[in-house]
Protein chains: 2
Amino acid sequence: MEKIEKWGLFEVSDTGIATGNPFTDCEITGIFTGPDESVQVRGFYYGDGVYKVRFMPSYEGKYSYEISGNYKSGSDEVTLKGEFEVTAPSDGNHGSVRVKGTHLAYEDGSPYYSIGTTCYAWVLQGEERRAETFETLKENVFNKIRFCIFPKHYLYNLTEPCRYPYEKGNGEGLVKDPKGPMFPPVEKYPIMGFNYYKPNPDHFKLFDDVIEKLCKMGIEADIIIFHPYDRWGFAAMDKDADDLYLKYVVARYAAYRNVWWSFANEYDLMSNKEIADWERYAEIVCKEDPYNHLRGIHHCTKPYDSSRPWITHLSSQRVDLYRHVEYTDHLIEKFGKPVVWDEIAYEGNIGMGWGNISGQELTRRFWEAFLRGGYAGHGETFEGHNDVLWWSHGGKLYGESPERFKFLLKILKETPGTGNLVYKPGMFDETIAEAEGAPGYTLHYFGFGRPSSRTLFMDPAKKYEVELIDTWNMTIEKLGTFGGMDTVPMPGREYMALRLKEV
Amino acid sequence: MEKIEKWGLFEVSDTGIATGNPFTDCEITGIFTGPDESVQVRGFYYGDGVYKVRFMPSYEGKYSYEISGNYKSGSDEVTLKGEFEVTAPSDGNHGSVRVKGTHLAYEDGSPYYSIGTTCYAWVLQGEERRAETFETLKENVFNKIRFCIFPKHYLYNLTEPCRYPYEKGNGEGLVKDPKGPMFPPVEKYPIMGFNYYKPNPDHFKLFDDVIEKLCKMGIEADIIIFHPYDRWGFAAMDKDADDLYLKYVVARYAAYRNVWWSFANEYDLMSNKEIADWERYAEIVCKEDPYNHLRGIHHCTKPYDSSRPWITHLSSQRVDLYRHVEYTDHLIEKFGKPVVWDEIAYEGNIGMGWGNISGQELTRRFWEAFLRGGYAGHGETFEGHNDVLWWSHGGKLYGESPERFKFLLKILKETPGTGNLVYKPGMFDETIAEAEGAPGYTLHYFGFGRPSSRTLFMDPAKKYEVELIDTWNMTIEKLGTFGGMDTVPMPGREYMALRLKEV
């Protein structure tokens with residue numbers, strides 16, 4: 001009997017109708033039944049007359065399945081039955097990331113410290129760049145990557161993608177007025193007349209491969225379903241095409257345990273879509289995805305109503321140039337959901353403020369976000385490397401912050417108790433995090449402050465080992481054991497933290 | 001005939017009653033009449049049987065005066081009459097600083113770019129430190145200094161002052177419960193039993209000398225009338241003593257053209273005083289000060305209602321660690337008054353966040369404040385110099401920001417039109433200031449952004465000379481002449497500005 005590990009991807013393939021439009025005309029469904037669950041999932045047309053149903057088992061034991069649909073004969077019928085065995089998860093397989101209170105954790109309960117990165121269009125840059133990007137990811141600690149399914153039209157993103165998500169039509173676009181972002185203007189580009197009812201299987205196959213490879217590397221795939229940076233009309237398809245696309249994407253990718261659904265990048269820039277559309281998309285994904293993957297929606301200037309029940313976590317972008325991650329604890333308190341800062345400006349040197357902060361400043365924002373109980377995402381936008389910018393194309397990294405994230409993650413992984421950090425109001429000028437379930441463990445972060453000493457107000461009945469953490473130079477120095485109101489020496493430099501451990 | 005320059009200080013002295021309590025029992029008043037004004041002012045007891053009336057003429061021409069009061073015989077009578085000539089102001093005498101729209105300007109109309117500094121208790125540190133402070137001021141461009149009349153009790157401020165503002169009494173304090181700041185505790189200090197109805201003339205003489213010397217140096221004296229950092233009871237005197245003090249201070253110092261009235265430092269920490277008290281103080285000062293000097297009140301966490309008519313300008317402190325001077329334009333719009341940031345954290349390395357930011361960060365805050373149409377104040381708190389910290393004691397400066405203020409002031413003085421900068425909404429990631437009355441002149445500031453190029457959206461019908469200003473390295477580099485939408489090269493470093501001048 002075929003064996004598959006728990007939270008692995010089990011796939012059934014079959015051949016069927018290849019004529020007409022299998023994407024709209026044919027259906028394939030699977031019911032998977034194990035000792036603890038019975039799950040019905042939609043399959044999808046894989047191309048070349050092949051249909052597939054994918055399933056992720058959540059329990060160990062013997063499963064059976066039954067495949068049905070009209071894909072074979074045009075009439076509904078049961079087409080295939082079978083059995084398989086679900087074994088224990090292998091090392092490094094912790095299941096999907098889930099919401100646990102106002103934090104994130106893997107399904108097996110182990111902590112997940114989301115250190116994201118953003119490479120919007122890297123999947124569509126061609127084989128060589130993808131390979132290079134995977135190499136870079138291997139050398140770093142990013143455990144989430146944010147990317148688009150549709151190609152991107154924007155500054156530095158003006159070439160055609162290596163694949164298109166739809167078949168090109170007869171030159172007459174189904175969408176006459178593709179509305180993209182403010183610039184660059186789209187007038188000079190040809191209307192390709194895509195058929196938004198005929199997905200291009202090769203395009204979606206690319207994403208299978210990428211998501212699977214990321215899964216093996218322990219990296220969450222934060223899939224951006226829609227985005228406004230468009231000149232091909234993908235941002236302005238009609239309702240039915242949108243819905244077909246959503247069902248296709250969910251049927252195809254939901255069985256990968258590392259999938260997150262990001263309904264949009266900067267939803268509020270998509271002038272063709274209304275709140276009712278986003279709500280309909282959410283309804284479809286909630287219905288079609290049996291695994292209840294994380295769902296977020298990213299904004300430009302106007303956050304989506306994060307209290308909506310389908311939103312599992314905040315996918316935040318700064319809306320103020322000066323104060324943003326410092327709102328993390330407020331947002332957590334307000335919405336009672338995990339806060340993931342997906343866009344807090346990128347390390348780089350391009351002309352726009354969202355892409356030219358220093359490694360120091362980005363690292364500072366990460367520390368603030370984590371110590372306030374949230375999570376942060378990176379991006380990099382350096383000009384001067386043949387117009388290849390990590391933020392969109394992947395490739396190589398040139399910045400100074402990624403090395404600091406390794407150090408940060410090492411520290412985060414040392415958190416006792418549940419492993420989660422919770423914000424603890426302290427003095428006005430420090431950010432304090434307490435280990436959930438282990439209140440004797442605290443981190444005190446001073447950001448751009450440069451104390452040459454610091455008075456701590458500790459429980460006089462206890463003793464604390466105090467360490468000085470240089471978050472930039474990545475050193476940890478033991479300062480000794482203290483208790484009560486006491487003053488510890490500090491180096492008078494920026495980006496310092498203190499760690500207190502009750503002994 | 002005696003001559004005095006316009007906006008100079010004219011003083012009449014007379015001897016009178018030296019017994020009893022001249023401060024409460026005796027009055028002296030002057031009426032000064034020139035071709036364009038007739039002003040009645042209160043005089044004061046100078047000590048040793050001497051009474052003085054001080055007057056600042058606002059017009060040129062021949063003036064006469066008449067002194068009266070009960071100070072000589074105990075009964076009201078006219079005691080002296082005389083004449084003097086008011087000549088044109090000398091070089092460097094521009095009159096008092098006034099409100100002009102939402103900006104500040106000297107009375108003669110010339111621009112005043114308020115680059116303040118704070119040395120709370122420097123006047124009471126002794127002769128040597130005062131001399132050293134004057135030397136430091138000479139080497140710098142600060143044109144306003146903020147200081148207290150009463151001595152200060154606070155961290156780093158625990159020694160006794162060189163003078164006390166009142167006569168010591170019999171060891172029984174008139175105020176039984178001096179309420180000072182939160183720390184350090186005041187219990188261990190003796191109650192000296194000051195007589196709050198007997199000012200110490202020597203104490204106030206010190207301030208005469210200091211204010212006069214500052215005036216000659218072109219430095220505004222931002223006099224802090226009350227403050228909470230107290231162990232002597234000066235923060236908790238009774239109503240009558242407060243009022244006596246206020247009248248004395250105004251009578252004594254108002255005729256110095258460089259005086260500003262700061263009703264309090266951190267008024268909201270003064271637990272003995274209510275809003276009604278502050279309003280009464282304001283009424284007294286408005287009535288007693290015939291020259292209508294600038295009036296502000298500084299807060300800790302809760303700003304005073306800045307819409308009160310007696311408040312001429314906002315004396316602001318940041319109430320958020322991360323965003324503060326960036327509210328300047330909002331505050332100007334909200335209150336329609338000049339915004340002076342008197343406390344935005346100090347360059348230094350002490351334990352508290354309000355006193356350990358870098359020179360770069362303080363300089364950045366200055367640029368933001370000025371380009372948003374406001375003004376900013378400096379302070380310095382470096383440990384390691386025998387507990388002498390500029391912020392309170394004066395002395396020497398060790399920081400890197402003062403040098404940058406020289407450069408900033410040079411640039412500010414080059415502003416065409418009225419000389420004022422007004423905030424101009426631009427892109428999200430730059431702060432733009434336009435020269436009031438000369439809209440072809442703009443400054444674009446990028447703060448912690450590091451653009452390696454910048455696209456500017458200029459009037460295509462005009463040409464602009466563009467300069468790159470490195471606000472930290474203090475260089476100005478001509479980039480050439482541009483117009484319309486064009487991109488200029490930048491160095492990809494922090495703290496850069498561009499200056500555009502229509503040619």
Side-chain angles (χ1 to χ4, degrees), chain A residues 155 183-184 300-301 318-327 345-362 364-365 368 381-384 399 426-431 445-456 485 487-496, chain B residues 155 183 300-301 318-327 345-362 364-365 368 381-384 399 426-431 445-457 485 487-496:
Chain A
L155 291 174
F183 55 74
C300 178
T301 57
R318 59 180 192 148
V319 286
D320 183 275
L321 197 58
Y322 310 97
R323 200 188 203 284
H324 26 73
V325 291
E326 294 81 10
Y327 287 121
Y346 309 128
E347 183 177 355
N349 67 356
I350 61 169
M352 282 76 61
W354 51 260
N356 62 27
I357 64 169
S358 67
Q360 283 90 338
E361 176 60 15
L362 186 55
R364 186 191 75 76
R365 295 180 187 192
E368 282 289 347
T381 41
F382 278 104
E383 268 190 356
M427 305 287 278
F428 169 63
D429 53 358
E430 67 184 333
T431 299
Y445 181 60
F446 300 94
F448 49 72
R450 309 182 306 168
S452 57
S453 69
R454 184 70 185 186
T455 300
L456 297 168
M485 186 180 123
T487 300
V488 299
M490 292 187 68
R493 292 197 307 271
E494 293 175 314
Y495 313 125
M496 297 293 142
Chain B
L155 293 173
F183 57 72
C300 179
T301 58
R318 60 182 191 144
V319 286
D320 183 275
L321 198 58
Y322 310 99
R323 199 188 204 283
H324 26 73
V325 289
E326 294 80 11
Y327 288 121
Y346 309 128
E347 183 176 355
N349 67 357
I350 60 169
M352 284 76 63
W354 52 259
N356 63 27
I357 65 170
S358 66
Q360 282 90 339
E361 176 59 15
L362 186 54
R364 186 191 74 73
R365 294 179 187 191
E368 283 289 347
T381 41
F382 278 103
E383 269 191 355
M427 305 287 278
F428 169 63
D429 52 359
E430 65 184 333
T431 300
Y445 181 60
F446 300 94
F448 49 71
R450 310 183 305 168
S452 57
S453 68
R454 183 71 184 186
T455 299
L456 297 168
F457 300 87
M485 186 180 122
T487 300
V488 300
M490 292 187 68
R493 294 198 305 272
E494 292 173 315
Y495 313 124
M496 297 294 143

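Convention: sequence-line order gives letters A, B, ...; per-chain numbering from 1.
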Contact origin within [X] toward chain B - heavy atom pairs under 4.5 Å:
X      : answer
A:T381 : neither
A:E368 : side chain
A:V319 : backbone

Do you know which of [options] has the most heavy-atom pairs with chain B at a distance under 4.5 angstrom?
options                : answer
A:G492, A:G449, A:P491 : A:G449
A:T455, A:D320, A:T301 : A:D320
A:H324, A:E361, A:E383 : A:E383

* **Residue, of B:G384, B:G447, B:G348, B:G355, that accumulates the most heavy atom pairs under 4.5 Å with chain A** =>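 Most heavy-atom pairs under 4.5 Å with chain A: B:G348.
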* Return the minimal non-hydrogen interatomic distance between A:D429 and B:L321, and the atom names on each side. =>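 Looks like CA-CD2, 3.7 Å.
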* To do: Return the minimal non-hydrogen interatomic distance between B:G351 and A:R454, and the atom names on each side.
  =>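 That closest heavy-atom pairing would be O-NH1, 2.7 Å.
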* Portion of B:V325 that has a non-hydrogen atom of chain A nearer than 4.5 angstrom ->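 When you check distances to chain A, no heavy atom of B:V325 falls under 4.5 Å.
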* To do: Select one option (side chain, backbone, both, neither) describing which atoms of B:F382 are under 4.5 Å from chain A's heavy atoms.
  =>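 Just its side chain gets close to chain A.
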Flag, side chain of [X] to backbone of [Y], donor-acceptor distance under 3.5 Å:
X      : Y      : result
A:R450 : B:I357 : yes
B:R323 : A:R323 : no
B:S452 : A:N349 : yes

* Return the set of residues passing salt bridge (Lys or Arg N to Asp or Glu O under 4.0 Å) with B:E326 (not counting sequence neighbours), or none when no residue passes. =>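 For B:E326 the salt bridge (Lys or Arg N to Asp or Glu O under 4.0 Å) partners, ignoring immediate neighbours, are B:R364.
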* To do: Working to the nearest 0.5 Å, report the span between CZ of A:R493 and OG of B:S358.
  =>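 One gets 14.0 Å once the value is rounded to the nearest 0.5 Å.
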* What distance separates A:I350 CD1 from B:M490 CE, expressed to the nearest 0.5 Å? ->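 So the CD1 of A:I350 and the CE of B:M490 are separated by 13.5 Å.
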* A:R318 vs B:F428, side chain to side chain contact (heavy atoms under 4.5 Å, CB included): CA-CA, chis, key distance, verdict -> CA-CA 11 Å; A:R318 59 180 192 148; B:F428 169 63; 3.3 Å; yes
* Asked: What do the steps show when you test B:Y327 against A:Y322 for side chain to side chain contact (heavy atoms under 4.5 Å, CB included), and what is the final call?
  -> CA-CA 11 Å; B:Y327 288 121; A:Y322 310 97; over 6 Å; no
